[in-house]
Amino acid sequence: MRGKLSGWDDTIVALATPPGVGAIGVIRVSGSKVFCILDELFTSKKISIQPSHTILVGLLKDAVEVLDEVVLAIFKNPKSYTGEDVVEISCHGSPFIQEKIINTLVKKGCRIAKPGEFTQRAFLNGKLDLTQAEAVADLIASNTEASRNAAINNMRGGFSSSLSVLREQLIRFSAMIELELDFAQEDVEFADRSALSDLISELITSTNSLLHSFKLGNVIKNGVQVAIIGKPNAGKSTLLNTLLNENRAIVSDIAGTTRDTIEEVLNIEGVLFRLIDTAGIRLHTTDVIESIGVEKSFEKMRSANLVVYLFDVHNTTTTELQAVVNDFQKEALQYLLVGNKIDAATDNLQIQFNAFGNVLFISAKDHINIDYLKKKLVEIAVGGNINTEATIITNARHHEALQQLATSLNDIRDGLNHQISGDLLALDIRQSLHYLGLITGEITNDDQLDFIFSKFCIGK
Ligand SMILES: Nc1nc2c(c(=O)[nH]1)N(C=O)[C@@H](CNc1ccc(C(=O)N[C@@H](CCC(=O)O)C(=O)O)cc1)CN2
Ligand SMILES: Nc1nc2c(ncn2[C@@H]2O[C@H](COP(=O)(O)OP(=O)(O)OP(=O)(O)O)[C@@H](O)[C@H]2O)c(=O)[nH]1
Ligand SMILES: [K+]
Ligand SMILES: [Mg+2]
């Protein structure tokens, strides 16, 4: 038991499947009294004497009243999801039956589980570490192949094992320092400082690569905001429609057609893009609504992860484009220049723009080079490494603790370079181990746990 939360020894119950009418509903019950309570309601076989992972079929009865014919799955502590005694009741998918069974269980002494409480118990009983428990919530929330893969990898301990490598290296480091401290009287530097210095470099490299993966992790978990920006009539709304393959936005040859921003989600090769069509940027407009729209375009441009600057190859000069690029660079925006309407290009209009590094040419209307544009978007978002088996950090809490770890490792390296004493180094190492413990949940407090698990759904 890692800690004691209020109500931790209650036997808890919740519907694990979505409420409402389905073929079957699963009610989960976990805790020390579960066999005792269910033996009263399920009389065809004695549950408490069954081996773990047995399935039974029979009637669930409250005294003489038949509640339902059910299937019970029996898990005996510690061999269950929560590590406690667990019974799962598969009943008929009627909200009425489900409610009746749950009410009867409450009457017999169960308590309704809080969101995430089953997984919280799994954590408290050492079945999962905190990163694995958090990955369970990520898995349920995942909506792309990439986010699912990252969550499954972390749920199965991918991140945990990267962390335990770090931990072992730190402990080895610590042991070398302790050895030196033991011999302090004799004034020898027992620990080979160059070996220590190699080890700390290794640790810093591993930590930095985990930290670095957060950029990708964030993309995988939250998607990439792409603002489509350009002058009126560049074809921004046409491009949105073409990318989505549906007529989502109004297209017309009237400059200033799009007034408000339009946001749509698009999954390209497993990466979620949040595409934002914006009002064409025209600086001198007398139309009040349009100028509000233009203001909004600027806002979206600045907050996006990537700006697609769309321009009509027929009426854009290189000087003009250079001015736009200068602005993007001044604001440190990530951008991609896209020349549109090449279907109507009479000769090699594109050649004039090739001096710009990241420029590509499309026809939004005639779907020319759209697949290439999509490939380019994925490349920019994930740098072509979405399918790696490497551990990917997707959680801001982990990222924060890893940053603290990195700082403390850098302190150790500086200390080594300045020949500081072993006992001071030992302090820094303890600090580093503390940050690792924060991530895995070895060091934690109840409020933090309640906060993390409250974000789960009921029954999980
Ligand atoms: N019916 C049902 N389906 C489910 C779950 C569940 O809890 N119940 N899960 C819930 O997320 C997932 C599967 N995860 C599970 C993880 C561990 C154990 C379990 O019984 N573990 C024991 C025994 C392992 C063994 O015999 O190999 C253990 O860890 O000791 C069960 C389900 C998805 N499907
Ligand atoms: N020839 C050609 N015309 C295009 C292409 N893409 C868009 N157009 C035309 O350009 C005009 C403007 O297109 P929109 O998609 O409304 O342009 P927009 O950038 O959204 O314009 P605003 O919302 O007014 O800023 C329409 O008449 C489109 O049919 C293209 O690839 N080739
Ligand atoms: K238009
Ligand atoms: Mg438009």
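Indexing begins at 1, ligand by ligand and atom by atom, following the structure's order. Computed from heavy atoms alone, side chains included, the values below leave out hydrogens, waters and symmetry copies.
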>> Once you restrict to heavy atoms under 4.0 Å, what part of S252 touches ligand 2? Side chain, backbone, both or neither.
In response: backbone
> So do the side chains of L449 and Q120 get within less than 4.5 Å of each other, counting heavy atoms only?
Replying inline: yes
> Taking only residues at least two apart or on different chains, which pairs with a member in residues 208-240 satisfy ring pair (Phe, Tyr, Trp, His ring centres under 6.0 Å)?
Replying inline: F214-H399
>> Can you confirm, on distance only, whether ligand 2 has an N/O atom lying under 3.5 Å from any N/O atom belonging to I362?
In response: no
> Are E263 and K300 ion-paired here, with the side-chain N under 4.0 Å from a carboxylate O?
Replying inline: yes
> Which residues and atoms, counting only protein N, O or S, are under 2.8 Å from the Mg ion (ligand 4)?
Replying inline: S237 OG, T258 OG1
> Any ion pair linking D10 and R111 (charged N to carboxylate O, less than 4.0 Å)?
Replying inline: yes
> Are K221 and D138 close enough for a salt bridge, meaning some N to O gap below 4.0 Å?
Replying inline: yes
> Would a 4.5 Å heavy-atom cut-off, applied to side chains only, mark L60 and I89 as touching?
Replying inline: yes
> What residue and heavy atom of the protein are closest to atom 6 (N) of ligand 2, and at what distance?
Replying inline: N340 ND2, 3.2 Å
>> Which of the numbered atoms in ligand 2 are under 4.0 angstrom from any heavy atom belonging to A234?
In response: 19 (O)
> Has K460 got its NZ or CZ under 6.0 Å from the middle of the six-membered ring of Y81, at an angle within 45 degrees of the ring axis?
Replying inline: yes
> Identify the closest protein heavy atom to atom 5 (C) of ligand 2: which residue and atom is it, and at what distance?
Replying inline: K365 CB, 3.5 Å
> Quick one: which ligand 2 atoms are inside 4.0 Å of a heavy atom on K236?
Replying inline: 15 (O), 17 (O), 18 (P), 19 (O), 20 (O), 21 (O), 22 (P), 25 (O)
> Closest non-hydrogen protein atom to atom 23 (O) of ligand 2, residue and atom name please, with distance?
Replying inline: T258 OG1, 2.8 Å
> Which of the numbered atoms in ligand 2 are below 4.0 angstrom from a heavy atom of I254?
Replying inline: 24 (O)
> Under 3.5 Å, N or O to N or O, is I250 touching ligand 2 that way?
Replying inline: no
> Would you call K79 and E84 a salt bridge, using N to O less than 4.0 angstrom?
Replying inline: no
>> Salt bridge check, E264 against R274: does any charged N sit closer than 4.0 Å to a carboxylate O?
In response: no
>> For R259, is there an ion pair with E290 - N to carboxylate O distance below 4.0 angstrom?
In response: no
> Quick one: are R172 and L199 in side-chain contact, heavy atoms under 4.5 Å?
Replying inline: yes
> Would you call the rings of H53 and F75 parallel, tilted or perpendicular if under 30° counts as parallel and over 60° as perpendicular?
Replying inline: perpendicular
> If you look only at pairs with a residue in residues 319-340, which of them pass as a ring pair (Phe, Tyr, Trp, His ring centres under 6.0 Å), with sequence neighbours excluded?
Replying inline: Y309-F328, F328-Y335
> Counting both backbone and side chain atoms, is some N or O of D343 under 3.5 Å from an N or O of ligand 2?
Replying inline: yes
>> At less than 4.0 angstrom from any non-hydrogen atom of G280, what atoms of ligand 2 do you find?
In response: 25 (O)
>> Taking the side chain as everything from C-beta on, heavy atoms only, tell me whether K127 gets closer than 4.5 Å to Q132.
In response: no
> Based purely on interatomic distance, does A364 place a nitrogen or oxygen under 3.5 Å from a nitrogen or oxygen of ligand 2?
Replying inline: yes
>> For atom 21 (O) of ligand 2, what's the nearest protein heavy-atom neighbour? Residue, atom name and distance, please.
In response: N233 N, 3.0 Å
> Number of protein N/O/S atoms less than 3.4 Å from the K ion (ligand 3)?
Replying inline: 4
> With respect to atom 8 (N) of ligand 2, which of H367, K341, H314, K231 exhibits the smallest heavy-atom separation?
Replying inline: K341
> Between K375 and E379, does at least one N-O distance fall below 4.0 Å, as a salt bridge requires?
Replying inline: no
>> Given 3.5 Å as the limit, does a donor-acceptor pair link the side chain of D287 with the main chain of I289, or not?
In response: yes
>> Under a 4.0 angstrom heavy-atom cut-off, which atoms of ligand 2 come close to D253?
In response: 27 (O)
> Does any N or O in the side chain of N340 come within less than 3.5 Å of the main-chain N or O of F311, such that one atom is a donor and the other an acceptor?
Replying inline: no
>> For the 3.5 Å polar cut-off, considering only N or O atoms, please tell me whether T278 and ligand 2 meet it.
In response: no
>> I want to know if ligand 2 touches G235 in the polar sense, i.e. an N/O pair below 3.5 angstrom.
In response: yes
> Taking the non-hydrogen atoms of L310, is any one of them nearer than 4.0 angstrom to ligand 2?
Replying inline: no
> Hey, which atoms in ligand 2 end up nearer than 4.0 Å to a heavy atom of G256?
Replying inline: 24 (O)
>> Could you check whether any side-chain N or O of T444 sits under 3.5 Å from a backbone N or O of G441, counting only pairs where one atom can act as donor and the other as acceptor?
In response: no
>> How far is atom 7 (C) of ligand 2 from the closest protein heavy atom, and which atom is that?
In response: T238 OG1, 3.3 Å
>> Within this structure, what is the NZ-CG distance for the pair K236 and N233, rounded to the nearest 0.5 Å?
In response: 7.5 Å
